[in-house]
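Reading through the structure tokens given below for one structure.
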Amino acid sequence: MSDVAEVIKERRSIRKYEEKDVPDEVLNSLLETAGWSPSWANTQCWELIVVRDRALKESLKETIFPKNPAANAITQAPVLLALCGKLKSSGFYKDIVTTKFGDWFMFDLGLFTQTLCLAAQNIGLGTVIVGLFDHDKAKSILKVPEGYELVVLIPIGYPAKISSAPKRREIGEFVHHNTF
Ligand SMILES: Cc1cc2nc3c(=O)[nH]c(=O)nc-3n(C[C@H](O)[C@H](O)[C@H](O)COP(=O)(O)O)c2cc1C
């Protein structure tokens with residue numbers, strides 16, 4: 001088993017992919033692992049669309065803002081994941097919001113995304129989380145129903161280029177002791 005800290009630190013956003021396919025068995029095993037992510041009261045509000053269709057990927061690329069450095073990855077990666085969340089589930093108890101933060105679906109989808117990206121890294125697959133695009137256009141292309149939101153697109157495949165790590169804040173810059 002790999003060292004978790006190593007997997008966390010070595011994961012990079014991958015924006016260039018090899019042409020090599022990701023077999024269904026590999027992908028399914030990865031998605032099964034991601035399904036073990038924690039969520040509000042185990043609500044598991046995530047829904048995932050696996051896009052392999054070339055024409056659909058081309059249409060989705062058109063929803064990406066042109067300056068987005070991940071634009072090409074949308075069509076280049078063999079698999080494109082579209083992560084959606086069910087609304088009014090996470091953070092709710094009997095249809096009533098339980099905290100001042102309202103719907104926690106973004107939080108739970110963030111956890112799912114991170115688990116997925118780390119599990120991918122662990123088996124040699126690269127990912128990039130893509131959040132900057134026209135969500136409503138992409139939602140309509142993918143026929144996401146009422147009551148659900150499409151939040152991120154995640155190209156996944158074998159890395160062709162691994163960029164160097166952007167600098168992180170030192171712990172002294174974000175850790176507070178006892179009070180803020
Ligand atoms: C919520 C979220 C949205 C992101 N959206 C984009 C995006 O639209 N395009 C892109 O190239 N990278 C995107 N990223 C990747 C970040 O730019 C990247 O994680 C950050 O620069 C740190 O680099 P690293 O992932 O290689 O460690 C996104 C990351 C997160 C967490």
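First listed ligand is number 1; within each ligand, the first listed atom is number 1.
The two atoms that bring R54 and T75 nearest to each other are NH1-O, 3.5 Å, heavy atoms only.
One N or O on the side chain of T99 and one on the backbone of F101 form a donor-acceptor pair closer than 3.5 Å.
Rounding to the nearest 0.5 Å gives a distance of 14.5 Å between OG of S39 and CZ of F105. Once rounded to the nearest 0.5 Å, the distance linking CG of L118 with OG1 of T33 reads 11.5 Å. In this structure, the separation between CZ on R11 and SG on C117 is 6.5 Å, given to the nearest 0.5 Å.
Nearest protein neighbour of atom 21 (O) of ligand 1, counting heavy atoms only, is P166 CG, 4.2 Å. From the protein, the heavy atom lying nearest to atom 11 (O) of ligand 1 is R15 NE, 2.8 Å. The closest protein non-hydrogen atom to atom 13 (C) of ligand 1 is I129 O, 2.9 Å. When hydrogens are left out, the protein atom nearest atom 25 (O) of ligand 1 is S13 OG, 2.6 Å; that is the closest non-hydrogen contact.
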Salt bridge (Lys or Arg N to Asp or Glu O under 4.0 Å) between R52 and D24, intermediate numbers included: CA-CA 11 Å; R52 287 187 183 271; D24 277 335; 3.1 Å; yes

Determine whether D134 and K139 satisfy the following criterion, salt bridge (Lys or Arg N to Asp or Glu O under 4.0 Å), listing intermediate values before the conclusion. CA-CA 9 Å; D134 185 330; K139 191 178 164 183; over 6 Å; no

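Interface of L132 with ligand 1, defined as ligand atoms under 4.0 Å from a residue heavy atom, comprises 8 (O). For ligand 1, the atoms closer than 4.0 angstrom to any heavy atom of A70 are 9 (N), 10 (C), 11 (O). Counting atoms of ligand 1 from 1 in the listed order, those under 4.0 Å from a heavy atom of R12 are 24 (P), 26 (O), 27 (O). Within ligand 1, the atoms closer than 4.0 Å to a non-hydrogen atom of P69 are 11 (O), numbered from 1 in the order shown.
Residues N72 and K16 have side chains that never bring a donor and an acceptor to within less than 3.5 angstrom of each other. Inspection of the W46 and T113 side chains reveals no N or O donor paired with an N or O acceptor under 3.5 Å.
Distances from atom 10 (C) of ligand 1 to the heavy atoms of I8, N68, I14 put N68 nearest.
When only interatomic distances are considered, the shortest N/O to N/O separation between G131 and ligand 1 falls below 3.5 Å. The shortest N/O to N/O separation between V130 and ligand 1 does not fall below 3.5 Å.
R168 counts as a contact of ligand 1, since one of its heavy atoms falls under 4.0 Å from the ligand.
Closer than 4.0 Å to atom 7 (C) of ligand 1 lies at least one heavy atom of the protein.
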